[in-house]
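The structure appears right after this line, and notes come after that.
The basis for the numbers below is simple: all heavy atoms, side chains too, and nothing from hydrogens, waters or symmetry mates. Note on naming: letters A, B, ... go to the chains in the order of the sequence lines (proteins, then strands), and numbering restarts at 1 for each one.
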Amino acid sequence: MATTNGAVENGQPDRKPPALPRPIRNLEVKFTKALSFQKLDGHIPRARDALSSGFHTGVWGECALTCPAGARLLCFDPIRCRLACFLGNVIKMVSTSSFPERASFPIFINNEWHESKSGKKFATYNPSTLEKICEVEEGDKPDVDKAVEAAQAAFQRGSPWRRLDALSRGRLLHQLADLVERDRAVLATLETMDSGKPFLHAFFIDLEGCIKTLRYFAGWADKIQGRTIPTDDNVVCFTRHEPVGVCGAITPWNFPLLMLVWKLAPALCCGNTVVVKPAEQTPLTALYLGSLIKEVGFPPGVVNIVPGFGPTAGAAISSHPQISKIAFTGSTEVGKLVKEASSQSNLKRVTLELGGKNPCIVCADADLDLAVECAHQGVFFNQGQCCTAASRVFVEEQVYADFVRRSVEYAKKRPVGDPFDVRTEQGPQIDQKQFNKILDLIDSGKEEGAKLECGGSAMEDRGLFIKPTVFSEVTDTMRIAREEIFGPVQPILKFKSIEEVIKRANSLEYGLTAAVFTKNLDKALKLASALEAGTVWINCYNALYAQAPFGGFKMSGNGRELGEYALTEYTEVKTVTIKLDDKNP
Amino acid sequence: MENHKTRNGSSAKICCVALDTVPYQGAESEMSSSQPDIPAPLTNLKFQYTKIFINNEWHDSVSGKKFPVFNPATEEKLCEVEEGDKEDVNKAVAAARQAFQLGSPWRTMDASERGRLLYKLADLVERDRLILATMESMNGGKLFSNAYLMDLGGCLKTLRYCAGWADKIQGRTIPSDGNFFTYTRHEPVGVCGQILPWNFPLLMFLWKIAPALSCGNTVVVKPAEQTPLSALHVATLIKEAGFPPGVVNIVPGYGPTAGAAISSHMDIDKVAFTGSTEVGKLIKEAAGKSNLKRVTLELGGKSPFIVFADADLETALEVTHQALFYHQGQCCVAASRLFVEESIYDEFVRRSVERAKKYVLGNPLTPGVSQGPQIDKEQYEKILDLIESGKKEGAKLECGGGPWGNKGYFIQPTVFSNVSDEMRIAKEEIFGPVQQIMKFKSLDDVIKRANNTTYGLSAGIFTKDLDKAITVSAALQSGTVWVNCYSVVSPQCPFGGFKMSGNGREMGEYGFHEYTEVKTVTVKISQKNS
């Protein structure tokens, strides 16, 4: 299956698949004062020895490394060299991140770590175990103000950031990509701990997408070209594509780091400065990225990260009079608030990437194996927590029964469990609120007369896990066919004619993505043009690439992210007209 | 050789400072504060890559012939290089064609991955920066500091810039009339032949291969016979970076043999050449006679530099001076017709002469030396001949005017004043350290005179007057106009000539058009909708 940013299937033709990475087991997310390598040196070889003896006996190695200053690492990997490399990563993280000595993740402003002004902290949880991972400083309006001040200072005319060659901005983004690649396992582990997504997905899809997006926009930095314009009269007219200024970014919890990079990379590539609020459920990878941004050498104030909650920190960003542009990914409901706040404050530019209730249309002539698998992955990927989730599957009458049967088989086989287990395809939902909402929608489906084919409830023994659920005989008026579920629930609908399915697919206020499965060229192109959606996938799903724009029609969003199109969202065009002396030839 | 490798290793450390801020072949730099420190050149450089590079492997020439490569500062032979001819070019083209087959690793590679490979190559060039700069200096007679900062700095930027384009070469979907769906694909042209000059051997090598590879072509390159070494060293880096075999092939040799084989080859789809206008015409003719291969040419110039009386004189003097004398005058953009407004003419000449007299000639590897040798005997004699013609035709020799030293191809920095438009030194490309200063009275007059040449590569203007600057920039017939600066060449900007200075553009987004074919795909559909 094609997946986010095409990570899985776009390997080099002649390259061996990489050995499966392993998460860093029990990575203790407690940042203490910078450790020196000397202190750690004695421990690394011991850890390696312990592991290698484990490998020699064919047992999966497991080893604890206790650092003098309190960072305890427990690593787990069948491949010795990889483990050594992981250890190196973690040690590097602890030793270079220069977090101050405290047990909570701080706020990142001006390339420095700060406590919240209010002194408040909030906890972030591991949704698989419901255990608290650590505490994070809780940013609010005063912290946002501080961050905006730093971002504004960094954006002053004549600042190092404004005077930097565009090519050098690109180099910095490339170097950031290199560091993300270096610390890929750490980031993937953090992402899995914090969001509950399967580790291999985090490693291969989220992180791959991050790296590719950073590299893609790195390349754009010195290719954002203005024009010279053949105006009437004796004048010279040219355009400059200038950065917008201080950009706010509010990111979601479903792809915490990837969505941050989707915003950060084009913003920085165009020369803006940024104030980011990561989702309160998943702030860890964003803050870790902060340490990498500092390490790479972005000037202070260019990127500022303020963890906190939507109604406080998020609202402060969207209504801030000194923020020139805001990018938000999240629910349509909150998107409306963000746009409203931007209007009420300073008319800041707004891009929104919101919800979806995405039709996936399977024609009778389609390759049914492919369609069933793609539709399945399309809705169940990331526990169903994707704005692109294929949550309305329209199947042509003739193949409907077959499609439902095979989809149910797939859903029943979907391995749900510990996201650190390599076999796991589905982890827990992000939090209790989402979990309750999904179960409520499942109940509504049962009540409104859809046929429950499988699943339909929480896993008996565990916290936030929900059984992969398939409904057939779903009709357009049911809540499960209209509302965004954001959970592992696949509603399958029936259709008879192309004209009919076009009408039904377009009947909602959403318009993020749509998919079509057919072998017929004419049908494919007809549906591609008729569907009201920002992205149409034909015979594939979630085929997202850094090179291709992504965003919503209608209430699924405003503007586009990724691709060259994203650059227009992060630049202001200035028209310069110079009157010439008419005397000259 | 071990020793050599250690030096290489240590050099890597020296040069990991802020390379991005290295000014790029600019006669003047606004950012000199952030240049990397210049290390000492290598003293025991060995030339180990001297063969023909095909399919990521080293080959002897089919004929068994070799040719010598010299150090123009000492006239000593550096090494011998395998001499490629038609048969070797055929071998290289076959490899390049094979690498370009549908379904090959190169054709099926993601565009972003092509970009990654170019980035990797940039990192490797950066690692070997000291080796390459030393090589460029020894083989090309180029000041080591210029080779290290300008040439190599430019190489890194060129590679990284082109790397970024790989996955940004976008086709379009087109609102054609009728019930049709139309889109374009920008496809690589195929096998590209590339023939290089000796004045910026490595930089021009990368100007050619980086956009070609970024677009997905395969290449057969003939470096100049005077300076094949740095390209051959980079060949090893190309292999190390992981480019598939056959994507880059390098056949050192001479123009009339290997060069001609490339330009008339029936299986080469495009040829790019940088060099003289005379040879450029032969190449385009050969392309026409053979298979109508696409041709881009970057040829000679006789570039005007116009200094108005209102200019900042101090800056204008230094910039016009560098614009001509940089790299011993061996630049296609050399500002070899300096037009100075009447009212400041005498002072400008006097001070230009003062500046020209400050040169220290000598071995370009030696610190403190500010002018190296010309590339070879032929050039050396041609320049001396033109200097003589200037004297005979009545120009006033202000300084210089003859050879220097008793070894190596050195020529004294030479300034002529009272030059008139019909003199040979005002019409022919000299490619040497010889500055012609002419006088002008009016704007209209100088525009006419500046354009009165078959060349049209570049031009310079010095003025503080906004209106004059813009008006003259628009009036000059040249591919590049520099205002209050000169030789500011950067990979983001297109470069090429009007008139007989060339065809097509290199670098910038424009340069990429030359390495792609556009395919229009139109599909009948049942019903269109906007």
Side-chain angles (χ1 to χ4, degrees), chain A residues 5-6 9-15 163-175 177-178 211-213 215-225 228 234-236 269 297 498 521-526 528-530 545-548 563-565 567 578-585, chain B residues 18-21 23-24 31 34 103-113 115-116 118-119 122-123 156-157 160-170 181 214 242 244 443-444 447-448 465-475 490-492 508-509 523-530:
Chain A
N5 282 25
E9 60 176 15
N10 285 334
Q12 274 290 97
D14 52 353
R15 191 181 287 173
R163 290 171 55 207
L164 200 59
D165 280 339
L167 187 100
S168 307
R169 288 204 305 269
R171 274 295 278 162
L172 286 175
L173 281 170
H174 252 292
Q175 283 161 345
D178 290 343
I211 292 162
K212 289 197 165 193
T213 304
R215 294 202 196 287
Y216 175 75
F217 283 107
W220 268 121
D222 59 354
K223 297 172 185 70
I224 302 164
Q225 304 174 111
T228 61
N234 193 19
V235 299
V236 166
C269 137
I498 292 290
L521 175 64
D522 204 56
K523 236 186 247 176
L525 291 177
K526 182 177 194 166
S529 75
Y545 305 98
Q547 298 92 355
E564 185 175 0
Y565 296 83
L567 303 176
I578 306 175
K579 176 80 177 79
L580 294 183
D581 192 340
D582 288 322
K583 285 180 305 204
N584 280 321
Chain B
L19 289 171
D20 281 319
T21 46
Y24 180 64
M31 294 186 303
S34 46
S104 73
W106 183 238
R107 291 300 294 278
T108 54
M109 188 181 282
D110 283 336
S112 64
E113 185 60 24
R116 281 296 288 153
L118 283 168
Y119 262 108
D123 291 343
L156 296 175
K157 290 186 165 200
R160 290 186 173 132
Y161 174 77
C162 293
W165 269 120
D167 59 357
K168 297 170 186 70
I169 302 163
Q170 303 174 111
F181 165 61
S214 179
L443 188 90
D444 289 356
I447 289 172
K448 234 174 256 163
D465 185 300
L466 174 65
D467 207 69
K468 246 181 231 169
I470 291 173
T471 306
V472 179
S473 323
S490 60
Q492 297 88 4
E509 185 174 1
V523 184
K524 178 85 178 78
I525 54 173
S526 51
Q527 181 199 67
K528 79 149 38 151
N529 277 283
S530 61

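- Atom CG of A:L580 sits about 5.0 Å away from atom CG of B:D467, to the nearest 0.5 Å.
- Nearest heavy atom pair, residue B:A111 against residue B:A166, reads O-CB, 3.2 Å.
- Annotation for B:I525 and B:F181: closest pair CG2-CB, 4.1 Å, computed over non-hydrogen atoms.
- For chain A, no part of B:V472 is nearby; none of its heavy atoms comes within less than 4.5 Å.
- Residue contact with chain A, scored on non-hydrogen atoms closer than 4.5 Å, involves the backbone and the side chain of B:Y161 alike.
- For A:D522, the part lying under 4.5 angstrom from a heavy atom of chain B is the side chain only.
- Annotation: the span from B:D167 atom CG to B:D110 atom CG amounts to 9.0 Å, rounded to 0.5 Å.
- At a 4.5 Å heavy-atom cutoff, B:Q527 makes no contact with chain A through either its backbone or its side chain.
- Using a 4.5 Å cut-off between heavy atoms, B:D123 touches chain A through its side chain atoms alone.
- Atom OH of B:Y119 sits about 8.5 Å away from atom CZ of A:R215, to the nearest 0.5 Å.
- Ranking A:K523, A:E564, A:K526, A:K579 against chain B, the residue ahead of the rest is A:E564, based on heavy-atom pairs under 4.5 Å.
- Of the atoms belonging to B:K528, not a single heavy atom falls under 4.5 Å from chain A.
- Crowding of B:K448 atom NZ: a count of heavy atoms from other residues, nucleotides or ligands under 6.0 Å not exceeding 12.
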